[in-house]
Amino acid sequence: MCPAHDTEHVDDEPPFRYTAALALDLETRWQHWWDEHATYETPNPSGPLADPEALDNGRTKLFVLDMFPYPSGEGLHVGHPLGFIGTDVYTRFKRMTGHHVLYTMGFDAFGLPAEQFAVQTGQHPRLTTERNVTTYRQQLRRLGLGHDPRRAINTSDPRYYRWTQWIFSQIFNAWFDRDADDGRGRARPIGELIAMFEAGDRPTSDGRKWSRLNATEQAAEIDIHRLAYVADAPVNWCPGLGTVVANEEVTADGRSDRGNFPVFQRTMRQWMMRITEYADRLIDDLEVLDWPDSIKTMQRNWIGRSPGSRVRFDSPAGEVEVFTTRADTFFGATFIVLAPEHPLVASLTTGPHAPAVVEYKQEVRQRKDSERTDDTRAKTGVFTGSYAVNPFTRKEIPIWIADYVLMGYGTGAITGVPCGDQRDFEFARNYGLDIVPIQQPPDEWFEQHRMEPTLDTERWPEAYVGDAPYVNSSGKKLDLNGIESVRQGVDVTNEWLEATGHGEATVTYKLRDWLFSRQRYWGEPFPIVYDDMDIAHAVPDEMLPVELPDTESFSPRTFDPDDENSDPESPLGRLSDWVEVELDLGQGLRTYRRDTNIMPQWAGSCWYELRYCDPTNDDVLVDPDVERFWMGPRTDLRPDHPGGVDLYVGGVEHAVLHLLYARFWHKVLHDLGHVSSMEPYARLFNQGYILAAAYQDERGMYVEASEVERHDDGTYTFDGRPVWREMGKMGKSLHNGVSPDEMYEQYGADTLRLHLMATGPLDASRPWETRDVVGMYRFVQRLWRNLIDEETGELSITDEPATDDTRRLLHRTIDFVRQEMDALRMNTAIAKLVELNNHVTKLTSTPLEVAEPLVLMLAPVAPHMCEELWRKLGHEHTLTRHPFPEADQAWLLDDTIEIPVQVNGKLRSRVTVAVDADHAAVEQLALADPKVAAAIDGASPKKVIVVDGRMVNVVL
RNA sequence: GCCCCGGUAGCCCAAUUGGCAGAGGCAACGGCCUCAAAAUCCGUACGGUGUGGGUUCGAGUCCCACCCGGGGCACCA
C-alpha cells in the first residue's frame with residue numbers, strides 16, 4: 001500500500017510533514033495564486049498583449065514550444081508530460097536567469113483521432129473535443145506548468161481556423177517563381193504572374209497571347225502555377241477511412257498510419273500543395289537548423305534529392321524519356337524498362353506480345369504490397385515487342401516492362417545497364433539480355449569474388465558498381481574510355497547530352513506534392529467556391545472564416561477496407577443548403593458551390609507557433625513587430641540564424657509529417673512577406689518516451705496491464721489466463737497507461753515532476769516503475785524537514801554561517817546545477833541537489849545561506865513546494881523571476897587536492913598536493929609515498945607522467 | 001540489406017570528453033523506533049563497463065570486427 005493512503009497510521013504522523021495531502025493543499029493553493037497574479041503572462045512589444053514597460057528591463061527573449069497535444073478521450077498518461085515538464089523546468093530556469101519567456105500550450109483539436117472518437121461514441125466531435133480539452137486543461141494545470149493562459153489556442157476554434165483558411169488562400173493565390181533569388185526560387189502573389197502574362201513578359205504554356213485565351217483557359221493557365229491546386233493525380237485512397245491520405249500518412253507496407261487500413265493507388269481529382277517546389281530549400285536550409293542529425297537525415301531521405309539526367313530515346317511510339325543517376329553508363333544500356341503503368345506501354349506493345357503484356361499488367365495490379373516490396377523476389381517483366389534506338393551506340397535495344405520500375409519516380413522509365421546495376425543485372429540474367437561491360441573492375445573486386453579479372457560478363461557474379469576505367473565507351477564525339485571516375489564520366493556525358501539535344505542534367509525528388517484534401521467532417525473547410533464554369537475562387541479574406549457547418553450527419557461514409565473501387569463521399573457534400581451559396585465576388589451576387597473537402601490534420605499545426613505570439617489579433621495572423629520580436633532571426637547569435645522558435649520539444653514521430661509541412665508553410669509565409677523568420681523551429685529537441693510493461697494473451701491481444709498478476713515463477717496471468725510481458729511505449733494501444741491523477745493523489749505533482757526529470761536524460765526513453773517514485777518523495781520530505789519543523793509548521797533554520805565544507809559544496813552545486821539546467825540535463829542537476837540536501841540533513845540545523853539557494857535552485861523542478869518555502873523564508877513575492885543563485889568562484893577551488901598515483905597504470909596510492917603545485921613537486925611527493933615506493937621496489941622509473949590536478953602515473 | 005542511436009551494479013542512470021568506474025534514485029540487507037509492523041530516519045554491500053582485437057604510460061570514453069536492443073529507410077534507377 002502506498003504510504004500516504006495508509007490512513008490507519010496517519011494520526012501518528014507529525015502534522016506538518018510533507019505528505020501527499022500537504023502537497024495537494026499547497027499545490028492547488030499556489031496554482032490558484034499564480035493564476036490570480038498572472039504570474040506566467042508574458043507581454044508583447046506591441047498589439048493587444050503589449051506592455052512595453054515590462055519588456056524594457058534588459059532581458060533576452062526566449063520562445064519555448066511543446067508539440068501541442070490532440071485531446072484524446074483517454075486523457076493524459078504519465079508519459080505525455082515528460083516533454084512538457086522538461087520545457088517547464090527549462091523556462092522556469094530561464095526566467096530566473098534573465099529571460100523573457102514565451103511559453104504556452106494549445107490543442108490540436110481537429111482531425112481524425114478526435115473525429116473517430118466522436119463517431120465511436122456517437123457524439124458530435126465538437127462536444128467530445130470540448131470535453132476532452134477540458135480534461136486535458138485540468139490535468140495539465142495540476143502539473144503546475146507555467147503557461148501564459150491567454151495565449152492558448154484551439155485549432156478547431158473558428159477564430160483560429162479563420163487564419164488557417166487565410167493562409168490557405170495566400171498559398172492558393174501564390175505561385176513559385178523558380179528564377180527568383182538567384183535560382184533559389186520564391187513564392188510570389190499570383191497577381192504578379194497575371195501581370196506578367198498580360199504584359200507579355202511571360203509566355204503562356206501553349207504560346208498563345210494571354211488576351212486570346214478565354215476566361216476558362218486563363219483560369220486553367222493560372223491554376224497550373226498555383227501553390228495550391230486541384231488536379232487529377234495518383235492518390236492514396238483509403239476506403240476504410242473513407243478518405244484519401246497523403247504519402248506521408250501511408251506506412252511502408254501500404255496501409256494508413258491511422259487505423260492501419262489498406263490504401264490503394266487511384267487517380268482522383270484532389271487538392272494538392274506544391275511542396276515539391278520547395279524541395280531544394282527544405283533540404284538546403286536543414287544546414288542552418290539546430291536539429292538532431294537523425295531528424296535531418298529523415299527529412300533528407302524523405303525529400304530524396306538525386307541529381308541525374310533525363311535522356312530521350314527514339315521509339316516507334318515517339319520519344320521515351322528515361323531518368324538515370326549514371327549517365328556515364330549509356331554505352332552499356334542494352335534494354336529499356338518501363339513501369340507497367342507507363343502511358344506509352346499500350347502504343348509500344350506489338351500484336352504478338354499484347355496478351356502477355358496485358359496479363360503482366362493485371363498480375364502487377366493484383367500483387368499485394370507485401371509481395372511488391374519484397375526485394376528478394378526474382379525480377380520479372382515482359383517484352384513489349386518494340387525497340388528503341390540507343391543514341392550513344394545507335395543500336396536498337398528492346399523495350400520491356402517490369403514492376404521493379406516505379407511510375408511514381410523519375411520518368412517511370414529506365415535504361416537497363418546490367419553490367420553496372422544489380423537490379424538490371426538480375427533482370428538481364430533472368431531473360432537472357434546482353435550484358436555489355438563498360439568498366440574494367442579493379443583487381444580487388446575479382447579477388448573478392450575469387451576469380452581472375454575478366455571482361456566476360458557471363459562469368460561475373462554480380463554487377464560492378466563504382467569507379468573504374470571505362471571500356472567500350474566511345475561513340476560519335478563522345479569518348480569516355482580512359483576516364484576513371486564516375487563523377488567525371490557523368491559530367492562529360494551530360495555535356496554531350498545537352499550539346500546534342502538528346503537529354504539534359506536534371507534533379508529528381510522522391511518527395512511528391514502534398515495531397516491536401518480529405519473527405520471527412522472534423523477539419524477546416526476550404527475557403528473555396530466554384531462558379532458555374534467550375535472555376536475555383538478563393539473566398540475573400542473578409543468573409544473568413546468559412547465556418548464548419550453544424551450537422552448531426554458528421555460520420556464519413558466509410559467502406560469495406562478492401563473495396564478498392566469505392567469512391568470518397570464527403571460529409572460536407574451532403575449539406576446542400578451549405579454547399580450552395582450566394583456571394584458577390586466582384587461580379588454581383590451569384591450562386592456558387594462550396595468546396596466540400598476539409599483540410600488534413602496537419603493544417604492547424606503548420607503555423608500555431610505564430611498564433612501563440614499574437615493570439616488575440618483580429619487584423620493579421622501575427623503582428624509583424626510581434627513576430628520579429630519572438631521569432632526573428634537571431635543574427636546576434638550567428639550570422640546564418642534562420643529565426644523561429646528558440647526551442648521546440650516533441651516526439652520523433654513527427655520527423656517527416658508535421659515538421660516538413662510546417663517548414664513549407666512557414667517558407668511560403670516568409671516569401672510573401674508575412675513573417676521575418678525563414679524557418680519555424682530554430683532548435684529541435686526530441687524527448688524520449690515513457691515505456692511500460694504490456695501484456696499479450698494467447699491471441700496476441702493486449703490486456704489491461706494494471707490487472708495483470710505476477711507469479712513467483714516469473715509468469716504472468718490476466719483473469720486467470722497466461723499472458724506474456726514486453727516493454728512498449730505507454731499508451732492506449734498497449735493498454736499500459738498510468739494516469740498522472742494517481743500520482744498526484746499518492747505523491748503530489750512536485751514529486752511526479754521530480755521523478756520524471758530525475759530518472760534519466762530528457763531525450764532517453766525509459767520504463768515507468770510506479771514503485772520508484774517514492775525516491776523523490778523521500779527527497780522532498782527530507783528537504784521540507786530540513787527547513788520546516790514538522791510539529792509546528794514553522795521555519796526551522798539557523799542564521800549561523802555555514803562551515804567551509806558546506807559552503808564549498810553549496811557553491812559547487814550552484815555552479816553545476818546552472819550548467820546542467822541550461823543544457824536540459826535535469827537528471828544530473830537533481831542528483832546534485834539531492835546530494836546537497838543529503839549533506840544538509842546531516843547538519844544539526846540548516847543555515848539560511850544554504851536554505852535560500854537550495855529552494856531557488858529546486859524551484860524550476862518543484863515550483864509549488866519551493867514557492868511555499870520561499871514564502872515561509874519571509875519573501876513576499878513569487879520566486880518566478882528571482883535571480884537564480886550565482887556561484888562564488890572563490891568557493892569552487894580547494895587549496896589542496898588528493899590525486900591518485902598509479903604505477904604502470906595500476907592505482908597504488910593517493911597523495912595530497914597543493915592545487916598549484918608544480919610537476920616536479922608532485923612527482924617528488926608521489927615517489928616518496930611509501931606504497932608507491934614499495935610498488936616501485938627500488939627500480940628506477942622510465943617515465944613519470946603528471947597530469948595537472950588529475951593523477952600521477954609512474955612508468956617502470 | 002542499408003543508415004542512425006544505445007548496451008556501465010538486480011533495475012533506472014552519472015562519470016569533468018583519454019586520467020581514482022559511482023553522483024543520485026529504486027530494490028536488497030542491517031540498525032533505530034515499535035508489543036509487532038508499516039512509514040520515516042541512520043547505515044551497509046553490490047559491478048570493472050555487451051564480446052573479441054587494436055592504439056596509448058593509461059580506454060567506459062578513440063579505432064576495427066562482431067553480438068544484442070530501439071528507431072528510420074528499403075526494387076528511388
Side-chain angles (χ1 to χ4, degrees), chain A residues 1-4 6 8-10 12-14 17 19 252 292-298 301-302 304 306 308 322-326 329 337 372-377 379 402-406 408-417 421-424 426-427 508-510 652-653 655-656 688-689 691 727 754-755 758-761 763-769 771-776 778-779 781-782 785 790 816 819 825 827-835 837-838 841-842 898-907 909-910 941-945 947-956:
Chain A
M1 256 337 270
C2 82
D6 219 352
E8 228 178 288
H9 304 279
V10 117
D12 302 344
E13 249 162 22
R17 170 161 293 180
T19 59
D293 284 335
S294 57
I295 303 283
K296 290 188 184 185
T297 304
M298 281 191 239
N301 288 343
W302 187 260
S306 60
V322 300
F323 174 76
T324 180
T325 55
R326 288 289 303 274
T329 62
V337 190
R372 200 176 294 173
T373 53
D374 178 9
D375 50 8
T376 58
R377 191 169 55 94
K379 304 272 174 293
D403 67 349
Y404 79 90
V405 175
L406 310 173
Y409 186 77
T411 60
I414 62 156
T415 44
V417 184
D421 182 287
Q422 187 57 27
R423 291 156 303 180
D424 297 344
E426 288 168 26
F427 190 73
T508 51
Y509 303 87
K510 198 185 106 175
V652 71
E653 72 272 21
V656 288
Y689 292 111
L691 312 173
M727 293 304 282
L754 268 160
H755 176 71
T759 44
D763 55 359
S765 293
R766 61 207 104 132
W768 173 267
E769 291 288 354
R771 62 158 191 249
D772 288 355
V773 182
V774 71
M776 285 299 115
R778 288 179 190 146
F779 163 56
Q781 279 189 335
R782 233 164 18 238
R785 191 162 38 234
E790 291 190 325
F816 190 83
Q819 191 182 303
R825 288 191 290 264
N827 53 328
T828 47
I830 292 168
K832 285 289 185 278
L833 289 170
V834 172
E835 194 182 3
N837 186 55
N838 287 348
T841 304
K842 292 187 182 77
E898 194 189 53
I899 61 170
V901 183
Q902 299 177 348
V903 177
N904 278 344
K906 280 197 184 109
L907 180 68
S909 184
R910 294 185 169 85
K942 221 184 280 175
K943 190 157 54 157
V944 179
I945 295 157
V947 183
D948 274 331
R950 290 260 183 271
M951 49 84 64
V952 178
N953 190 7
V954 182
V955 187
L956 296 180

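The chains referred to below are lettered A, B, ... by the order of the sequence lines, with proteins before strands, and numbering in each begins at 1. Treat the numbers as computed from the prediction; the structure is a model and nothing was measured.
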For A:Thr759 and A:Asn827, what are the C-alpha separation, side-chain angles and deciding distance, and is it a side-chain contact (heavy atoms from CB on, under 4.5 Å)? CA-CA 6 Å; A:Thr759 44; A:Asn827 53 328; over 6 Å; no
Can B:rU44 be described as syn, meaning its chi torsion is within 90° of 0, or is it anti? anti
Reckon A:Thr411 touches a base, only the sugar-phosphate, or nothing at all at heavy-atom distances under 4.0 Å? nothing
B:rA39 to B:rG71 separation - C1' atoms, rounded to the nearest Å: 42 Å
Show your reasoning for whether side-chain contact (heavy atoms from CB on, under 4.5 Å) applies to A:Trp302 and A:Thr297. CA-CA 8 Å; A:Trp302 187 260; A:Thr297 304; over 6 Å; no
Between B:rC57, B:rG72, B:rA77, spot the one nearest the side chain of A:Lys943, thanks. B:rC57
Which part of the nucleic acid, if any, lies within reach of A:Pro292 when heavy atoms closer than 4.0 Å are counted: base, sugar-phosphate only, or nothing? nothing
Given that both distances must come in under 3.5 Å, which nucleotide forms a Watson-Crick or G-U wobble pair with B:rC2? B:rG72
Sticking with atom C1', work out how far B:rG52 lies from B:rC13, rounded to a whole angstrom. 27 Å
Does B:rA9 have a Watson-Crick or wobble partner in any strand here, with both distances under 3.5 angstrom, and which is it? none
In whole angstroms, the gap separating P of B:rG70 from OH of A:Tyr689 amounts to 15 Å
Counting Watson-Crick and G-U wobble pairs only, both distances under 3.5 Å, name the nucleotide matched with B:rG19, or none. B:rC57
B:rC73 C1' sits how many Å from A:Asp293 CG, rounded? 17 Å
Could you write out each protein N or O paired with an N or O of nucleotides 15-24 of chain B at a distance under 3.5 Å?
from	atom 1	to	atom 2	distance (Å)
B:rU16	O2	A:Arg950	NH1	3.4
B:rU16	O2	A:Arg950	NH2	2.9
B:rU16	N3	A:Arg950	NH1	3.2
B:rC20	O2	A:Arg910	NE	2.6
B:rC20	O2	A:Arg910	NH2	2.3
B:rC20	N4	A:Glu898	O	3.4
B:rA23	O2'	A:Glu835	OE1	2.8

Rounded to the nearest 0.5 angstrom, the CZ-OH distance for A:Arg766 and A:Tyr689 is 13.0 Å
Given B:rG71, is OP1 or OP2 found less than 4.0 Å from the side-chain N or O atoms of A:Ser294? no
Suppose we define a pair by two distances each less than 3.5 Å, Watson-Crick or G-U wobble; what does B:rG48 pair with here? none
Between A:Phe816 and A:Thr828, which heavy-atom pair has the shortest distance, and what is it? CE2-O, 3.6 Å
I would like to know whether A:Val955 and A:Ile945 meet side-chain contact (heavy atoms from CB on, under 4.5 Å); could you show each step before the answer? CA-CA 8 Å; A:Val955 187; A:Ile945 295 157; 4.2 Å; yes
Whole-Å gap separating C1' (B:rA77) and CZ (A:Phe323): 7 Å
First encountered from the 5' end of RNA chain B, between A:Val955 and A:Ala764: A:Ala764
Decide, for B:rG7, between syn and anti: a glycosidic angle within 90° of 0 counts as syn, anything else as anti. anti
Here's a test of your reading of the structure: between A:Gly775 and A:Phe816, which maps to the more 5' nucleotide of RNA chain B? A:Phe816
Taking the same atom, P, in B:rU44 and in B:rG22, what whole-Å distance lies between them? 15 Å
Would you give the length of the straight line joining atom CG of A:Asn837 to atom CG of A:Leu833, rounded to the nearest 0.5 angstrom? 8.5 Å
Over all strands shown, is A:Lys842 touching base, sugar-phosphate only, or nothing at heavy-atom distances under 4.0 angstrom? sugar-phosphate
Starting at CG of A:Asp421, measure out to CZ of A:Arg326 and round the result to the nearest 0.5 Å. 8.5 Å
A:Asp403 CG to B:rC76 P, in whole Å, measures 13 Å
Once you round to the nearest 0.5 Å, how far does CZ of A:Phe779 lie from CD1 of A:Ile830? 8.0 Å
Whole-Å distance, A:Asn904 CG to B:rC57 P, equals 11 Å
Nearest-Å distance once atom P is located in both B:rU16 and B:rG1: 36 Å
Looking at B:rA39, I'd like to know if its phosphate oxygens (OP1 or OP2) sit under 4.0 Å from a side-chain N or O belonging to A:Arg17. no
Among B:rC75, B:rC13, B:rU40, which nucleotide sits nearest the side chain of A:Lys379? B:rC75
Would you measure the distance from the C1' atom in B:rC11 across to the matching atom in B:rU51 and give it in whole Å? 23 Å
When the P atoms of B:rC75 and B:rC26 are compared, how many Å lie between them, rounded to an integer? 50 Å
Hey, does the side chain of A:Lys510 come within less than 4.0 Å of B:rA74's phosphate (OP1/OP2), counting only N and O? yes
With a 4.0 Å cut-off on heavy atoms, is A:Val901 in touch with a base, just the backbone sugar-phosphate, or nothing at all? nothing
Does A:Lys379 qualify as a cation-pi partner of A:Phe427, given the criterion of NZ or CZ under 6.0 Å from the six-membered ring centre and within 45 degrees of its axis? no
From the set B:rC76, B:rC12, B:rC75, return the single nucleotide nearest to any side-chain atom of A:Pro767. B:rC12
Using a 4.0 Å heavy-atom cut-off, does A:Thr297 contact any base of the nucleic acid, only the sugar-phosphate backbone, or nothing at all? nothing
Using atom CH2 of A:Trp768 as one end and atom C1' of B:rC26 as the other, report the distance to the nearest whole Å. 13 Å
A:Arg766 has an atom CZ; how far is it from atom C1' of B:rG7, in whole Å? 17 Å
A:Thr415 near the nucleic acid: base, sugar-phosphate alone, or nothing, with a heavy-atom cut-off under 4.0 Å? nothing
Closer than 4.0 Å, any side-chain N/O of A:Arg778 to the OP1 or OP2 of B:rU40? yes
Could you tell me the separation between the NZ atom of A:Lys832 and the CZ atom of A:Arg825, rounded to the nearest 0.5 Å? 11.5 Å
Distance between the P atoms of B:rA27 and B:rA65, in whole angstroms? 43 Å
Quote, to the nearest angstrom, the C1' distance that separates B:rU17 from B:rA59. 12 Å
Rounded to whole Å, CD of A:Gln422 lies from C1' of B:rA74 at a distance of 15 Å
